[in-house]
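As structure tokens, the structure follows; a few thoughts come after it.
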Amino acid sequence: MKEQIEEIFRQALAGAAGAGELAAPADIDIVVEKPKDEKLGDFSSNLALVLSRAAQKNPRDLAGMLAEHIPVGEGGVESVSVAGPGFINLKMSRGFYRERLKQVVAEGERHGYAPAPKNQKVLLEFVSANPTGPLHVGHGRGAAVGDCLGRLLKVAGYDVRTEYYINDVGNQMNILGRSTWLRYRELLGRPSGEFPEDHYQGDYIMDIAREIEKGHGGDFLDRSEEEVLPFFRKTAANWVLGGIKKDLGDFRVHFDNWFSEQTLYDDGSVDRALNWLRERGFVYDKDGAVWLKSSAFQDDKDRVVVKQSGEQTYFCSDIAYHQNKIERGFTRLIDLFGADHHGYVPRMKAVMEALGYDRSVFHAILVQFVTLKRGGEKVQMSTRSGQFITLSEVVAEVGVDVARYFFLMRGSDTHLDFDLELAKAETPENPVYYIQYAHARICNIFITARQQSVAWPPAGEVDLSPLAEDEEFTLIKKILAFPEVVEKSAQALEVHRVPHYLHELVAVFHGYYKRYRVVTEDGPRTLARLFLLEALRITIQNGLAIMGISAPEKM
RNA sequence: GCGCCCAUAGCUCAGCUGGAUAGAGCGACGGUUUGCGGAACCGUAGGUCGGAGGUUCGAGUCCUCUUGGGCGUACCA
């Protein structure tokens with residue numbers, strides 16, 4: 001739809017230039033938007049304001065001149081006006097909107113999808129939590145935002161793959177293994193002293209130990225720690241990772257790929273990346289360690305990639321990992337980070353440059369913390385003591401739809417208060433139900449229609465001319481705005497725009513529903529209104545699908 | 001100290017990459033249904049967009065300074 005409107009303005013510009021009223025302008029981006037006040041028109045362009053300086057003309061005069069070149073009565077244009085400092089406003093005919101509405105229903109599940117695929121292969125990495133314990137609420141937000149962004153980008157025409165990077169290397173894994181080993185010994189009555197404070201305290205460690213005991217009994221008791229640790233590490237990691245996969249699956253988050261950090265060491269990728277950088281002088285030795293010259297690429301300072309101990313840092317394998325992403329053909333890398341990792345962004349951008357790519361290829365999305373509340377009271381959490389609310393607990397309490405909605409409803413770079421009591425409440429305070437209720441309500445109207453023997457869905461073409469109320473056109477316009485919402489939120493990588501849009505959309509509907517009856521004695525009008533509601537229902541369903549939230553027919 | 005993020009109605013937040021008179025939900029107050037689900041609808045009150053400059057036709061949005069909060073500033077991941 002937007003393209004059509006832009007074309008109208010482009011023609012006007014060409015017309016004015018052709019008539020010699022204006023120097024033929026250089027390639028210019030035509031910006032079309034909707035006026036704030038519906039009375040001003042349906043579409044508006046600031047074309048004259050933008051051109052006024054170059055044309056050395058007063059923007060209002062310029063606007064008036066351009067407006068002359070817009071053919072009223074053609075292409076759905078009902079009237080043209082100039083307003084304010086020089087906006088050109090278009091009012092479209094009702095026939096134009098009725099036709100557009102038919103298209104929405106014809107598109108069905110594809111309403112909102114980009115008309116053409118974008119030529120971009122995007123790798124979207126998110127969650128990527130260490131497999132050292134269950135996912136907590138903060139991970140849940142990252143999972144919801146990442147998953148939604150993946151769905152959104154696909155709808156917007158990007159070729160997207162989602163990926164979970166498993167940090168299965170490093171000291172944390174050793175501590176996980178050792179924690180399990182110690183619990184195992186406790187379990188069998190052979191504790192080796194106090195359980196260390198810096199080890200994993202959570203109950204799940206004991207569960208893993210119990211699992212091992214069940215399978216192997218006391219087989220490991222009389223063997224040295226060095227000997228058994230690899231087994232405990234691997235078993236614990238697999239157990240934890242299995243739990244993470246299950247929790248994410250239950251949360252409707254499915255990754256296209258699970259990428260193990262270990263494989264980057266196994267196949268020599270890490271060494272290869274390091275050598276490559278060293279040959280180009282971006283890696284050097286100092287103080288017995290190896291450094292990346294990231295300061296040459298706008299990072300605050302150089303970063304250690306190989307410690308004095310000879311051990312590679314996490315950052316080191318991350319270089320190889322991101323190189324690997326590019327080598328797999330991705331042209332755009334999006335990583336979701338917890339807000340506490342924001343300091344990591346400049347060095348990743350530096351890595352991209354050092355590797356010979358444009359720094360803008362890498363894009364980080366920061367996801368701020370979640371404060372869990374219960375009836376206004378903050379729920380205290382502490383990772384160290386193992387006292388934290390897990391994602392699966394939250395999902396079990398409030399349900400997947402609600403949890404996802406709450407995680408998605410705010411811009412990801414603002415702190416989020418997640419109140420469990422509010423989330424559970426089936427009240428107007430709960431926006432999830434507000435939207436889902438609209439969908440259920442529409443479905444119920446369809447049932448009523450069928451009960452009253454209205455042929456629905458209709459066999460042939462529906463005459464939409466009975467649609468005549470202002471509210472009906474407000475609703476149609478809102479429905480037609482959906483593709484643009486998708487496009488813009490994908491472009492801005494801001495998922496919260498989708499729930500906001502749906503809330504607005506559905507608010508228009510609830511008002512309309514209250515005021516007008518759909519199924520009446522007036523057959524043609526009933527059909528036309530049912531048709532309108534079908535377009536609306538499709539839009540709600542598609543919007544909720546982008547969020548991974550169900551569109552119930554009954555509640 | 002330096003860097004990043006945030007600051008908009010009593011509360012929680014939008015504000016579409018600089019546009020027209022700054023919006024919504026909740027809370028408060030007052031209303032709405034002999035018909036499709038009241039998990040709904042309508043109305044009222046509520047603002048110097050933290051503050052001060054600047055950029056221009058035009059700033060909540062961009063720049064500088066400043067105040068208050070969050071986070072970071074590892075040879076941890």
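Below, chain A is the first sequence line, B the second, and so on; all start at residue 1. Excluded from the calculations below are hydrogen atoms, water molecules and symmetry mates; all remaining heavy atoms, backbone and side chain alike, are included.
For P35(A), counting side-chain heavy atoms from C-beta on, the closest listed nucleotide (rA77(B), rA20(B), rG15(B)) is rA20(B). Nearest nucleotide to the R497(A) side chain, out of rG19(B), rG15(B), rC13(B): rG15(B). Side chain of R347(A), nearest nucleotide from rA14(B), rG25(B), rA77(B): rA77(B). Of the candidate nucleotides rG15(B), rC75(B), rU73(B), rC75(B) has the atom nearest to the side chain of V304(A). Residue D417(A) has its side chain nearest to rU12(B) when only rU12(B), rA40(B), rG25(B) are considered.
Annotation: rU8(B) and rC49(B) have their P atoms spaced 12 Å apart (nearest Å). Nucleotides rG19(B) and rG1(B) place their C1' atoms 40 Å apart, quoted to the nearest Å. Across the P atoms, rC41(B) and rA24(B) are found 13 Å apart, a figure rounded to whole Å. Using P as the reference atom, rA40(B) and rG27(B) are 10 Å apart when rounded to the nearest Å. Taking atom P in both rA14(B) and rG25(B), one finds a spacing of 16 Å when rounded to whole Å. Taking atom P on both rG46(B) and rG54(B), the two are 31 Å apart, rounded to the nearest angstrom. Taking atom C1' on both nucleotides, rC2(B) is separated from rU48(B) by 33 Å, rounded to a whole Å. rU61(B) sits 15 Å from rC6(B) when the C1' atoms are compared, rounded to a whole Å.
Remark: Y434(A) is not in phosphate contact with rC26(B), judged by side-chain N or O atoms under 4.0 Å from OP1 or OP2. In this model, the phosphate group of rC76(B) is approached by a side-chain N or O of K307(A) to a distance below 4.0 Å at OP1 or OP2. Side-chain nitrogen and oxygen atoms of K301(A) include at least one within less than 4.0 Å of the OP1 or OP2 phosphate oxygen of rA74(B). Between T414(A) and the phosphate of rA14(B), there is a side-chain N or O to OP1/OP2 separation shorter than 4.0 Å.
At the heavy-atom level, A339(A) lies under 4.0 Å from the strands shown only through sugar-phosphate atoms. At a threshold of 4.0 angstrom between heavy atoms, the contacts of R303(A) with the nucleic acid are absent. Within the 4.0 angstrom heavy-atom criterion, no nucleotide atom of any strand lies near G86(A). At a threshold of 4.0 angstrom between heavy atoms, the contacts of Y513(A) include nucleobase atoms, whether or not backbone atoms are also involved. Residue Y512(A) is classed as having no contact, given no heavy-atom separation below 4.0 Å to the nucleic acid. Q368(A) comes within 4.0 angstrom of sugar-phosphate atoms only, judged by non-hydrogen atoms across all strands, and of no base. Heavy atoms of H341(A) sit under 4.0 angstrom from at least one base atom. Nucleic acid contact for Q172(A): sugar-phosphate only, since backbone atoms but no base atoms lie under 4.0 Å from a heavy atom of the residue. In this structure, G170(A) reaches neither bases nor backbone, as no heavy-atom distance under 4.0 Å exists between it and the strands shown. Nucleic acid contact for R441(A): sugar-phosphate only, since backbone atoms but no base atoms lie under 4.0 Å from a heavy atom of the residue. The residue A83(A) sits close to a base: some heavy atom pair falls under 4.0 Å. Using a 4.0 Å heavy-atom cutoff across all strands shown, S44(A) reaches at least one base atom of the nucleic acid. Within the 4.0 angstrom heavy-atom criterion, no nucleotide atom of any strand lies near N171(A). At a threshold of 4.0 angstrom between heavy atoms, the contacts of N130(A) are confined to the sugar-phosphate backbone, with no base atom among them.
Note: Y437(A) and Y433(A) fail the aromatic proximity criterion, with ring centroids not under 6.0 Å apart. Separation of the F126(A) and Y164(A) ring centroids does not fall under the 6.0 Å cut-off.
For H342(A) and rC71(B), a side-chain-to-base donor-acceptor distance below 3.5 Å is present, hydrogens and geometry of angles not being considered. Judged by distance alone, with hydrogens and angles left aside, N89(A) brings a side-chain donor or acceptor within reach of the base of rA20(B), the pair sitting under 3.5 Å. Judged by distance alone with a 3.5 Å cut-off, no donor-acceptor contact links the side chain of T313(A) to the base of rA77(B). Between the base of rA14(B) and the side chain of H496(A) there is no donor-acceptor pair shorter than 3.5 Å.
A salt bridge links E487(A) to K118(A): one of the charged nitrogens lies within less than 4.0 Å of a carboxylate oxygen. K373(A) and D417(A) are joined by a salt bridge, as a carboxylate oxygen and a charged side-chain nitrogen come within less than 4.0 angstrom of each other. Using a 4.0 Å cut-off between a side-chain N of Lys or Arg and a carboxylate O of Asp or Glu, E472(A) and R529(A) qualify as a salt bridge.
Relative ring orientation between Y314(A) and Y344(A) is described as tilted, the plane-to-plane angle lying within the 30° to 60° band. Under the 30°/60° scheme for interplanar angles, the aromatic rings of H496(A) and H500(A) are found to stand perpendicular.
We find that CG of D285(A) is positioned 13 Å from C1' of rC75(B), with the value rounded to whole Å. Atom pair H415(A):NE2 and rU8(B):P shows a separation of 13 Å (rounding to whole Å applied). When rounded to the nearest whole Å, the span between CD of E471(A) and P of rC41(B) equals 14 Å. Atom pair R517(A):CZ and rC41(B):C1' shows a separation of 16 Å (rounding to whole Å applied). Between the P atom of rG35(B) and the NZ atom of K514(A) lies a distance of 10 Å, rounded to the nearest Å. Distance L480(A) CG to rC16(B) P: 22 Å, rounded to the nearest Å. The interatomic distance linking K34(A) (NZ) with rA20(B) (P) rounds to 15 Å, in whole Å. Y437(A) has its OH atom 18 Å from the C1' atom of rG25(B), to the nearest Å.
Aromatic stacking is marked for F87(A) over rA20(B), as both cut-offs hold: 5.5 Å for the centres and 30° for the planes.
Taking 90° from 0 as the syn/anti boundary, the base of rU12(B) is oriented anti.
Looking at which nucleotide of RNA chain B each of M409(A) and S309(A) is closest to, the 5′-most match is held by M409(A). Nucleotides of RNA chain B nearest to S412(A) and Y344(A) differ in position, and the one nearer the 5' end is that of S412(A).
Pairing for rG10(B) goes to rC26(B), judged as Watson-Crick or G-U wobble with the two contacts each under 3.5 Å. The base-pairing partner of rC4(B), taking Watson-Crick or G-U wobble contacts with both distances under 3.5 Å, is rG70(B). Nucleotide rA59(B) forms a pair with no other nucleotide shown, judged by Watson-Crick or G-U wobble geometry with both contacts under 3.5 Å. When both distances must be under 3.5 Å, the Watson-Crick or G-U wobble mate of rG35(B) does not exist.
Contact record, L152(A) with V486(A): CD1-O, 3.9 Å, taken as the closest heavy-atom pair.
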From CA spacing to verdict: side-chain hydrogen bond (donor to acceptor under 3.5 Å, both in side chains), H199(A), R178(A): CA-CA 8 Å; H199(A) 281 41; R178(A) 189 149 189 279; 3.1 Å; yes

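For the pair R278(A) and Y284(A), the cation does not sit on the ring face, since its NZ or CZ is not both under 6.0 Å from the ring centre and inside 45° of the axis.
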